[in-house]
Amino acid sequence: MEANVPPKRKEPAKSLRIKVISMGNAEVGKSCIIKRYCEKRFVSKYLATIGIDYGVTKVQVRDREIKVNIFDMAGHPFFYEVRNEFYKDTQGVILVYDVGQKDSFDALDSWLAEMKQELGSHGNMDNIVFVVCANKIDCTKHRCVDESEGRLWAESKGFLYFETSAQTGEGISEMFQTFYVSIVDLCENGGKRPTANNSASFTKEQADTIRRIRNSKDSWDMLGVRPGASREEVNKAYRKLAVLLHPDKCVAPGSEDAFKAVVNARTALLKNVK
Ligand code: GTP
Ligand code: MG
């Protein structure tokens, strides 16, 4: 005989409160990205954030209701004293640069450094979800930081990466959705990043080599040999790079282009080397 057990009532998942901040140089589009997501609109006139803008929004992730406190920071150095106290107790960071402003991309490291400094020695950046927004992708004519460069920087640090335009809305909902899901995953995982996201699927050596190749000034420099090196030296250097970057072996963003550039550099050099 079957026991008359009442059906198990499904416990509603607990609601969650999270704190999210935006970071990045002035005018890269931090406020516009947030406005596009929360208010579904875009303002083309630049209205600099003064210190901090604060807002609350509710989102649903799986069966949880998430209350998001968003602190939108001013990017201008002038507001450092105002924003520095807002870094603490953050679960998610939206790190923004403008794909048409190389300076704003190069500044990402100093934004991380500022946050690290403010969190102090007890602060742990490993339990925070970072999403990098390569913003203003609608301005194709002015673009100077390409996708693989941005993606390489982000993924080599274990950060999420999205190409966005606050103007057209491209990438914005996908970015926020993935961002919030990752934060909830992190909270449910006891504040640790789930291991799958913890490490990049490529090595630091591969990332650094791709960056070095991109910035090399000529074919000698690209292969890492002295100008006038012998055929053997060129071939040896080439083989080392080919093993490191071969598309079958390396999944780092930009590895395919770097590999092609190395092949071309070797061909060009061997034409002239006796
Ligand atoms: P601060 O508050 O000073 O730190 O700047 P911010 O990063 O918040 O920049 P904000 O969102 O105010 O945008 C700066 C300017 O860039 C404004 O004129 C926006 O209209 C423009 N802008 C923002 N996002 C985009 C975008 O995706 N495409 C284009 N074309 N313009 C954008
Ligand atoms: Mg702003």
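Predicted model only: the values in this text are computed from it and were never measured. Counting starts at 1 for both ligands and their atoms, following the listed order.
- Given atom 18 (O) of ligand 1, the protein heavy atom at minimum distance is Ser44 O, 2.9 Å.
- For atom 22 (N) of ligand 1, the nearest protein heavy atom (residue, atom name, distance) is Lys136 CE, 3.6 Å.
- Only the side chain of Cys139 comes within 4.0 Å of ligand 1, counting heavy atoms alone; its backbone N, CA, C and O stay farther away.
- Residue His76 has no nitrogen or oxygen atom sitting less than 3.5 Å from a nitrogen or oxygen atom of ligand 1, judged on distance alone.
- When all heavy atoms are compared, the tightest approach of Lys136 to Glu27 is NZ-O, 2.9 Å.
- Closest to atom 7 (O) of ligand 1 among all protein heavy atoms lies Lys30 NZ, 2.8 Å.
- Annotation: salt bridge (charged side-chain N to carboxylate O under 4.0 Å, His left out) contacts of Arg151 (sequence neighbours excluded): Glu147, Glu155.
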Show me, pair by pair, the donor-acceptor contacts under 3.5 angstrom made by side chains of residues 92-102, not counting sequence neighbours?
from	atom 1	to	atom 2	distance (Å)
Asp98	OD1	Gly100	N	2.7
Lys102	NZ	Asp106	OD1	2.9
Lys102	NZ	Asp106	OD2	3.4

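- In plain terms, the two heavy atoms of Leu119 and Met125 that are nearest each other are CD1-SD, 3.8 Å.
- Which parts of ligand 1 touch Ala74 is read off a 4.0 Å heavy-atom cut-off, strictly below it: atoms 4 (O).
- For Arg143 against Val145, the heavy-atom pair with the smallest separation is NE-O, 2.8 Å.
- Under the 4.0 angstrom criterion for non-hydrogen atoms, Asn25 is in contact with ligand 1.
- Taking every heavy atom of both residues into account, Asp221 and Arg212 meet most closely at O-NH1, 2.9 Å.
- Taking every heavy atom of both residues into account, Gly150 and Tyr161 meet most closely at C-CE1, 3.4 Å.
- For the pair Asp72 and ligand 1, the shortest N or O to N or O distance does not fall below 3.5 Å.
- Of the charged side-chain nitrogens involved, none lies within less than 4.0 Å of a carboxylate oxygen, so that Asp109 and Lys116 do not count as a salt-bridged pair.
- Every N/O-N/O distance between Ala48 and ligand 1 stays at or above 3.5 Å.
- The Ser31 neighbourhood of ligand 1 comprises atoms 8 (O), 11 (O), with distances under 4.0 Å to a heavy atom of that residue.
- The protein heavy-atom contact nearest to atom 24 (N) of ligand 1 is Asn135 ND2, 3.2 Å.
- When only non-hydrogen protein atoms are considered, atom 20 (O) of ligand 1 lies nearest to Val43 O, 2.8 Å.
- Atom CZ of Arg17 is surrounded by 12 or fewer heavy atoms from other residues, nucleotides or ligands within 6.0 Å.
- For Tyr80, the OH atom counts as densely surrounded, since its 6.0 Å shell holds more than 12 non-hydrogen atoms of other residues, nucleotides or ligands.
- In Glu170, the CD atom is not crowded: 12 or fewer heavy atoms of neighbouring residues, nucleotides or ligands sit closer than 6.0 Å.
- The closest protein non-hydrogen atom to atom 13 (O) of ligand 1 is Gly29 CA, 3.6 Å.
- The residue Val96 has no part lying near ligand 1, judged by heavy-atom distances below 4.0 Å.
- Summarising the local packing, CD of Gln60 is surrounded by more than 12 heavy atoms from other residues, nucleotides or ligands at distances under 6.0 Å.
- Surrounding CD of Glu256 are at most 12 heavy atoms belonging to other residues, nucleotides or ligands under 6.0 Å away.
- The residue among Tyr97, Phe79, Tyr46, Phe78 with a heavy atom at the shortest distance from atom 14 (C) of ligand 1 is Tyr46.
- For the pair Phe162/Phe179, no side-chain contact is recorded, criterion being any heavy-atom separation below 4.5 Å from C-beta on.
- Ligand 1 lies out of reach of Gly24, whose nearest heavy atom is not under 4.0 Å from it.
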Table please: side-chain donor-acceptor pairs of residues 40-57 below 3.5 Å, with sequence neighbours left out.
from	atom 1	to	atom 2	distance (Å)
Lys40	NZ	Tyr37	O	2.8
Arg41	NE	Glu39	OE1	2.7
Arg41	NH2	Glu39	OE1	2.8
Thr49	OG1	Ser31	OG	2.9
Tyr54	OH	Asn69	OD1	2.5

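- Between the side chain of Arg36 and the main chain of Gln167, a donor-acceptor pair closer than 3.5 Å is present.
- Of all atoms in ligand 1, numbered sequentially from 1 with element shown, those under 4.0 Å from a heavy atom of Gly75 are 1 (P), 4 (O).
- Near Asp138, meaning under 4.0 Å from any of its heavy atoms, are these atoms of ligand 1: 26 (C), 27 (O), 28 (N), 29 (C), 30 (N).
- Nearest protein neighbour of atom 11 (O) of ligand 1, counting heavy atoms only, is Cys32 N, 2.8 Å.
- Considering both main-chain and side-chain atoms, Ile137 never comes within under 3.5 Å of ligand 1 through any nitrogen or oxygen pair.
- The distance from ligand 1 to the heavy atoms of Phe42 drops below 4.0 Å at these ligand atoms: 20 (O), 22 (N), 23 (C), 24 (N), 25 (C), 31 (N), 32 (C).
- Here the Mg ion (ligand 2) has protein N, O or S atoms under 2.8 Å from it, and they come to 2.
- Scanning the protein heavy atoms around atom 27 (O) of ligand 1, the nearest turns out to be Ala166 N, 2.8 Å.
- No salt bridge links Arg83 with Glu118; every basic N to acidic carboxylate O contact stays at or beyond 4.0 Å.
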